[in-house]
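Encoded as structure tokens, the structure appears first; notes follow it.
All heavy atoms count here, side chains included; hydrogens, waters and symmetry mates do not.
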2 protein chains.
Amino acid sequence: MDRDVWHERLETSADSPSELFEHLQTRTDQGLEYYYLPDARHGLERGTVLVETTGAVVRGYPSVPRVLVLDPGVRNYFEGDRITIEEKLNGFNVRIADVDGTTAFTRSGYVCPYTTERARELLDPGEFFADHPEKMLCAELVGPENPYTVHDYDGVETNAFRVFDVRDRRTGRPLAPERRRKLCAEYGFEQPQTFGWHDTDEAAGAVRDAIETLDAEGREGVVMKSEDGQSLLKYTTEATHHAELAYAFSLPFEYGRDFLFSRLLREAFQTVEFEESPERRRERAHDLGESILLPMAGAIEAVADGETVGERHTVRGDPETVNALLEHLREFQLTIDVESDRRLDGERVVTFTKVSASTNDRIEHYLDGGIVDE
Amino acid sequence: MDRDVWHERLETSADSPSELFEHLQTRTDQGLEYYYLPDARHGLERGTVLVETTGAVVRGYPSVPRVLVLDPGVRNYFEGDRITIEEKLNGFNVRIADVDGTTAFTRSGYVCPYTTERARELLDPGEFFADHPEKMLCAELVGPENPYTVHDYDGVETNAFRVFDVRDRRTGRPLAPERRRKLCAEYGFEQPQTFGWHDTDEAAGAVRDAIETLDAEGREGVVMKSEDGQSLLKYTTEATHHAELAYAFSLPFEYGRDFLFSRLLREAFQTVEFEESPERRRERAHDLGESILLPMAGAIEAVADGETVGERHTVRGDPETVNALLEHLREFQLTIDVESDRRLDGERVVTFTKVSASTNDRIEHYLDGGIVDE
């Protein structure tokens with residue numbers, strides 16, 4: 001399609017098509033030719049997609065800011081009178097749109113063959129897109145069987161979608177949360193649990209109550225939303241900080257230092273704001289220390305024992321989709337170690353490890369007596 | 001002095017004077033005009049000094065590499081048959097040379113007025129430099145009263161020097177450790193304790209024994225040295241890792257992420273190499289968690305209470321020297337809050353805080369509800 005047409009079709013601050021297109025990359029997946037935007041630019045979100053084949057725009061999902069202190073953070077951030085609190089799920093964030101058929105795009109703007117197939121199968125959104133062709137479903141793929149994240153939810157044996165947002169594909173504008181909940185219910189799409197509507201000035205306390213409930217269940221956290229759905233803010237549980245640290249430190253050379261530091265900061269501000277007793281704070285400190293040292297020592301011991309460390313995942317689907325997924329992962333320079341490859345109820349179930357090259361290499365280097373220059 | 005003469009006088013890999021001088025900075029302190037090298041370049045150590053006034057070269061102290069795993073780290077690193085193990089002290093590393101009088105240079109290559117005065121007073125190296133004008137004393141300024149580090153040693157009430165190396169100023173070449181110990185003893189210079197000489201192949205065990213002793217006393221660690229003193233390698237205690245983390249997390253926005261991560265790594269490799277029992281490892285993890293969370297929460301609470309956080313130091317000396325020191329610190333853009341300023345036994349004793357601007361600002365920002373963009 002002509003670049004001028006794209007430029008007009010997009011709500012972008014880029015002054016000219018060339019200013020925009022210098023940042024776009026091209027890909028072809030499953031016959032779909034598209035551009036995607038690797039980083040937020042010119043008023044467009046990271047992962048924004050332009051489908052060359054059909055002329056469709058699929059805007060990226062916006063980055064959701066966070067506060068470290070709920071009071072006054074929540075009150076200061078939102079302008080309206082009331083906000084709603086919804087659970088933030090720990091899964092894989094995708095946008096599902098009808099562009100030449102139902103297609104799932106990752107946060108970065110790639111077509112994911114696995115999530116696409118799962119979306120067609122589990123959400124069956126044909127009727128929805130027939131009625132609302134211009135909309136996209138923003139959903140979290142949760143459950144133990146997906147190629148990207150691993151978090152168990154009660155009642156989710158393999159995987160499932162939770163639709164947390166419905167947006168206009170071209171403009172990125174969201175439905176108001178109340179409208180969205182009704183619409184998703186009509187089409188039978190499951191959604192994250194809600195913790196209701198609250199006066200903005202008093203919402204910090206309600207968030208804290210929700211966080212306590214979620215923390216006790218080992219769940220991730222909440223997203224707060226304005227009445228129009230345009231303003232979003234997130235906050236997470238202690239359980240999540242520790243779990244994320246434990247995961248990151250099980251592969252200590254794969255995650256950036258900032259990833260680690262940011263979780264530590266969240267913990268410190270939380271224990272202060274929650275006015276934890278010295279005993280409670282010490283208990284949090286002990287859990288924190290365990291989530292750092294034990295997985296890291298475990299990774300070193302595994303490498304010392306000759307094992308290969310990495311992220312272990314199980315996926316399930318029709319054989320071609322699983323094939324397409326593994327190819328898709330390898331295309332991103334990932335080394336995939338397949339551990340088991342079975343058929344179950346007519347589906348192919350593959351357990352594999354994404355080999356964490358940096359962690360294996362660095363740990364081996366230091367175990368061999370490699371020096372650290374300081 | 002002519003640049004060609006400097007270039008000839010230095011043992012540098014720089015092909016021309018201009019190649020060398022593009023990296024050098026100039027300063028004047030206490031009447032001394034000099035060049036210093038902010039980063040290691042062309043075979044010269046960081047902090048190498050060229051004194052314009054007298055033509056003296058004072059080479060920088062080399063960066064000492066570290067191993068994370070003693071066995072086979074120590075064996076692989078050293079080429080000779082035996083090595084010596086000396087205590088590594090937690091203080092302030094300076095080089096003391098006779099360049100227009102006894103002068104102390106920091107690791108970075110600045111003249112430190114405070115350390116210079118302390119060196120003249122406490123080491124009184126006039127006789128040494130009369131006999132060995134071409135040598136420099138590489139020493140650690142230890143004790144609670146110094147403007148840079150704070151670590152208590154039994155028997156050191158204010159501050160003291162420990163000479164851990166004697167080198168040729170111009171070439172940077174060290175005396176052999178045995179020769180150095182004798183020479184320092186002759187002139188009455190105190191030195192770090194030694195853990196003796198060991199066969200290189202079996203030294204890892206001796207280091208581990210030394211580390212256990214030092215760890216129990218809350219001391220920093222060891223430096224291993226080859227017979228000629230040219231090869232150096234260091235290794236540190238659990239107590240030090242935790243103390244450094246606690247210090248860094250008491251000012252969480254002043255220290256780089258790499259500083260924090262590197263200490264965590266040392267812990268993980270150490271618990272693995274020392275084959276700690278699950279209980280012992282868990283105890284280490286708990287201490288580690290406390291050294292992260294408690295000081296960080298403390299800093300947040302202090303800022304929330306309206307306090308200003310920073311590094312607190314006490315210094316002691318003649319009034320002009322203390323003045324020169326405070327000016328020297330302010331010149332490096334540090335904000336100095338003087339807490340007390342007294343006379344004791346004819347000396348001026350000042351307690352001050354180097355205000356940690358980033359930590360105060362960032363904590364205030366988040367306490368005010370500032371958002372984190374992710």
| query | Using non-hydrogen atoms only, which part of A/Leu367 is less than 4.5 Å away from chain B: side chain, backbone, both, or neither? | reply | both
| Relative to each other, are the rings of A/His286 and B/His286 parallel, tilted or perpendicular (30° and 60° limits)? | parallel
| Distance from A/Phe259 atom CZ to B/Arg257 atom CZ, nearest 0.5 Å? | 14.0 Å
| request: With a 4.5 Å cut-off on heavy-atom pairs, point out which of A/Asp258, A/Asp71, A/Asp287, A/Leu260 contacts chain B the most. | output: A/Asp258
| message | Heavy atom to heavy atom, less than 4.5 Å: which residues from residues 75-86 of chain A reach chain B? | response | A/Asn76, A/Tyr77
| field | Among A/Val67, A/Val272, A/Leu288, residue most engaged with chain B (heavy-atom pairs, under 4.5 Å) | value | A/Val272
| remark: Value for CD1 (A/Ile363) from CG (B/Leu265), rounded to nearest 0.5 Å, stands at 8.5 Å
| Pairwise distance CG(A/Leu293) to CG(B/Leu264) - rounded to 0.5 angstrom | 8.5 Å
| Which portion of A/Leu233 sits near chain B, non-hydrogen atoms under 4.5 angstrom | side chain
| task | Mind telling me whether A/Phe249 and B/Phe261 have parallel, tilted or perpendicular rings, with 30° and 60° as the class edges? | result | parallel
| A/Leu68 CG to B/Asp368 CG distance, which is reported to the nearest 0.5 Å | 12.0 Å
| task | Please round to the nearest 0.5 Å and tell me the distance separating atom OG1 of B/Thr271 and atom CG of A/Leu294. | result | 8.5 Å
| What part of A/Ile371 gets closer than 4.5 Å to chain B, counting heavy atoms only: side chain, backbone, both or neither? | both
| A/Met296 to B/Ala268 - nearest heavy-atom pair and separation | CG-CB, 3.4 Å
